[in-house]
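First comes the structure, then the notes that go with it.
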Amino acid sequence: MRYQGLVGSAVLVAAFLVLVPSWAGAEDKPMGVVVLVKEREVVFDQGTDQGVKAGDKVRFYRRVVVHHPVTGATIEDRFAIGESKVDEASTLLSVVRQIKGFTKSPEVGDFAEVVDAAAAKPAKAEAKAKECPVAALAPCPLAVADPEMEALLAAFRDGAGKPIDVRRDRYFQFLLKYPNGKYGDSVGREIAWLNTQQDEAGRLEAARRSGVAAPSPERGVRVYHSEIPAVETGDPVSIVVAVVPPVRVAIARTLVRRAGEKTFEALHMERDGDFYFRARVPAALVKSKGRIEYFVEIVDVDDHVSAIVGTALEPKRIAVSEPVDDSPIRVGRSSATVNFEYVNFDKRGNVDDEYLSFEADFFYRFFTFLYGLRMGVGIFDGKGGELKDIEIDKSNSYDLAVNYGYLELEFEIVKMFHFMVRGLAGNHHHDSEDKGTAVGVMGIEGGVRIGEELKTNLVLAGSFFQDVGYEARIAFTLGIFERWPIMVEGLVTSLPVKESSLGLRLVVGAGYRFTDWLAVMLMGSWNGRTIDHTGPGGGGSVVLSW
């Protein structure tokens, strides 16, 4: 029988599986599977939960599944197509972005093996008292390694996937080394089968060149094809079929079109391994939403044309959809802050020169050129006046209570340099002038920040608030301690009322981040207008982030 030599192949495959633990077996780290291939990213289904981390070496394999033409058994193997490293690892998925130098482009369904240092070292064989039925073609470890079997395995590995003459040469070298070995008969049958395959391939090639159809004991072929139900725009798409026996195929081609078009475009299918034929769908057909229609036909060695996957009247279809934005939601976009502060410029109590402020706001970060937007409300309640006047007579000071709202925009010029501008509007009752009627007031504040918002940075800012006064400040925040931000601030101010003499304030604050969403800060200050006119201050803030 033409394929009787495959019995020898079955024994060789069984020997290979007997000697080497399964590459997806329980004793090794499980193989990952490629689940998504985009233009510059390959994603496989293993992440930190499986011990994968960024920087790990990963090896990709092309999975090959064929049906034995004699026994009908399914044979599965793999072939390495390239190595890279993990660029990003999440809980269940990992991403590889460097695929240069691969012999084949990674595709969905390929295997991914994370290779660590421990796995790369040879492990000692463990003796196990198990019977291993060769006919089952199932992986089963041997108790003791066999040198002859190891040599046979090496011959099998060296020839796997290579031309017939190379595979046959590897087995001849094995027979020269073990002329009376226990696997000699099986190897001999394998060589005989390879000879018949090469002879038939030569006969069919000669027939094609001469134009004479050569008779063949088998006229039919078996076809295996996995359909692709849907892809996203821009994804690479390949049509793949397996044909058994492949020597019956002279030409294979895919005919493809966009749904609605009248004609198909013919794509030549390249041979890929022993049984596979592959064609890449042009990118222009996958650039927009819609459907792709295709069918596959072959021209056999007798010049018969037949459709083996779909037909022109009933083609196979692939849906093309817009990509779904599956990027993770960025946390830390929003925060709410409540802060309050009491400031006293005269601890002696001889004059009234103090104020209390309260603000609550909401901040949303866009992480674009418009980095963020802040909206808030505030209450300011102070009492003061020109220093020389209130020192002469305490009653010369007057009250000022302002209710206001504000809107602030923050712009990212570069990552380490931001510009902020704030507009304020409110009203107050100025008892010494308006006799109880409300007076509208406006204000503006501007500043820059050098450094990242939640890390070490320096802020320079200035503000003017009608009737309240003006202020210039410089603030330095030290963020080198992950949960302990420290702030030092210096201010020159005329608050609490615009008629007040200029004063100097020094503020120190220390905070603590209890969680990623809750942080607090306490502040203390020294405030003075002259050496004899000074007082303390204090305050705090609470920040909720999400």
Side-chain angles (χ1 to χ4, degrees), residues 1-23 61-62 64-71 73 75-81 103 122 125 132-142 144-209 214 216-218 242-249 271-276 301:
M1 187 175 180
R2 178 184 169 201
Y3 291 104
Q4 64 183 2
L6 281 176
V7 175
S9 297
V11 173
L12 294 178
V13 173
F16 173 75
L17 295 174
V18 165
L19 183 61
V20 180
S22 170
W23 45 272
Y61 295 90
R62 178 59 43 82
V64 178
V65 180
V66 297
H67 291 269
H68 198 292
V70 174
T71 66
I75 301 175
E76 181 174 329
D77 206 346
R78 60 169 181 167
F79 297 92
I81 61 174
T103 58
C132 187
V134 173
L137 293 180
C140 178
L142 285 179
V144 180
D146 181 348
E148 184 179 350
M149 176 65 79
E150 290 180 354
L152 178 56
L153 170 61
F156 179 85
R157 277 200 310 257
D158 291 346
K162 295 180 180 177
I164 290 176
D165 56 344
V166 175
R167 292 155 63 184
R168 184 175 54 190
D169 180 65
R170 297 296 184 270
Y171 293 135
F172 273 128
Q173 293 178 20
F174 171 80
L175 290 179
L176 290 174
K177 188 173 182 179
Y178 296 96
N180 300 313
K182 52 190 173 184
Y183 302 112
D185 290 342
S186 297
V187 174
R189 288 193 296 271
E190 174 73 3
I191 293 174
W193 180 79
L194 291 173
N195 287 338
T196 61
Q197 289 292 95
Q198 191 169 44
D199 291 345
E200 182 170 349
R203 179 177 58 83
L204 294 176
E205 179 62 23
R208 281 196 294 269
R209 290 180 178 179
S216 172
E218 276 186 41
V243 182
V244 181
V247 292
R248 292 290 302 163
V249 180
R271 290 182 180 267
D272 187 1
D274 290 339
F275 303 95
Y276 285 85
V301 293

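For the single chain, residues carry numbers from 1 onward in sequence order.
Arg271 has its side chain within reach of Val249: a pair of non-hydrogen atoms, C-beta onward, lies under 4.5 Å apart.
Here the straight-line distance linking atom CG of Leu153 with atom CE of Met149 works out to 8.5 Å at 0.5 Å rounding. The distance from atom CG of Asp158 to atom CZ of Phe156, rounded to the nearest 0.5 Å, is 11.0 Å.
Every residue meeting the side-chain hydrogen bond (donor to acceptor under 3.5 Å, both in side chains) condition with Asp272, not counting sequence neighbours, appears here in chain and number order: Lys104, Arg278. With sequence neighbours left out, the side-chain hydrogen bond (donor to acceptor under 3.5 Å, both in side chains) criterion links Gln173 to Asp169. With sequence neighbours left out, Lys182 forms a side-chain hydrogen bond (donor to acceptor under 3.5 Å, both in side chains) with Asp146. Partners of Ala151 by side chain to side chain contact (heavy atoms under 4.5 Å, CB included), not counting sequence neighbours, listed by chain and number: Phe174, Tyr178. Listed by chain and residue number, nothing satisfies the side-chain hydrogen bond (donor to acceptor under 3.5 Å, both in side chains) test with Arg170 (two or more places apart in sequence, or in another chain).
The minimum heavy-atom distance between Ala242 and Tyr276, with the atom names listed, is CB-CE2, 3.9 Å.
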